[in-house]
Amino acid sequence: MQFPQALETVLQTLERLRDETGHRPCASRTVLDALEQIAPARVRENIPEPKIEPPSPDLRRTDGNKVEKLAAIQGRVAGCTKCPNLASSRTQTVFGVGNPDAEIMFVGEAPGADEDKQGEPFVGRAGQLLTKIIKAMGFPREEVYIANVLKCRPDTPGSSYGNRPPTPGEMQTCRPYLMEQIDIIKPKVLVALGAVAVEGLLGTRAPMRELRGRWDSFNGTPLMITYHPAYLLRNQSPSEKRKVWEDMMLVLERLEKPISEKQRNYFL
Ligand code: URA
């Protein structure tokens, strides 16, 4: 068993012990020293150091239980090697970002090159457009939660640039992490960005023009499906942008947020 898998097994066992006994398991100095001795194996295998960000100030204000639970999954994701090709090509995993008590959770496809570099979802050009949409809805970016179906950047063998969509197998493998995130955050509304996010969440494929702008449901949570911001960057037509904005107004209405006249007339 390779080090990251062994570590994942240890973490899962410790979490189970904590949940079943209600006590945090303790490790002796000897065990901690032994773990430290093993650590260089990861370096020998050339697996990047998992980068776990300290909680943001917003995160620290929230229910400690959610923060701990998310951090535990983030740790498992950081050491995940279930898709060996992705584990070896990624700079780091991209877990998710935002308020664990968010009312809205946006779900995208997979990290791109910028996200792989920075370790945060939606920070590239599509991400900047998503942030603009979130702000136009009246929220700071930190107040919502943003995650992807895939936590690793899909590899592009033989090419150091470009993107490819996740395969159904990769989505299936990574999906449980997203399920756990949703289960902990319990948003009032989910927003699926694009067809891949819909496939990752609902397992269904259909043309976006048929899916978007309607309420669906994901395990009892209202799910709004809209176009991916990258689609809007490719297709600059004002009518397509307006459709996304109308979908977001449906979200605001569902959350019983007031919508100003300025917002009603807004064009992305
Ligand atoms: N596209 C996505 O679907 N997710 C990201 O994080 C960035 C771009």
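Start at 1 with the first residue, then count along the sequence. Numbering of ligands and ligand atoms starts at 1, following listing order.
Contact of the Leu223 side chain with the Val191 side chain is not registered, since no non-hydrogen atoms from C-beta on lie closer than 4.5 Å. You'll find the side chain of Met224 reaches within 4.5 Å of the side chain of Leu250, heavy atoms only.
Here the side chain of Gln92 pairs a donor or acceptor atom with the backbone of Asp116 at under 3.5 angstrom.
In this structure, the ring of Phe106 has its center no less than 6.0 angstrom from the ring center of His228.
With Glu180 as reference, Arg76 is the one residue of Lys69, Arg76, Arg175 to meet the salt bridge (charged side-chain N to carboxylate O under 4.0 Å, His left out) rule.
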Identify every side-chain donor-acceptor pair in residues 124-135 under 3.5 Å, counting partners at least two apart or on other chains, and give the distances.
from, atom 1, to, atom 2, distance (Å)
Thr131, OG1, Gly127, O, 2.9
Thr131, OG1, Arg141, NH1, 3.1

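The 4.0 Å heavy-atom shell around ligand 1 contains residues Gly108, Glu109, Ala110, Glu115, Pro121, Phe122, Asn148, His228, ordered by chain and number.
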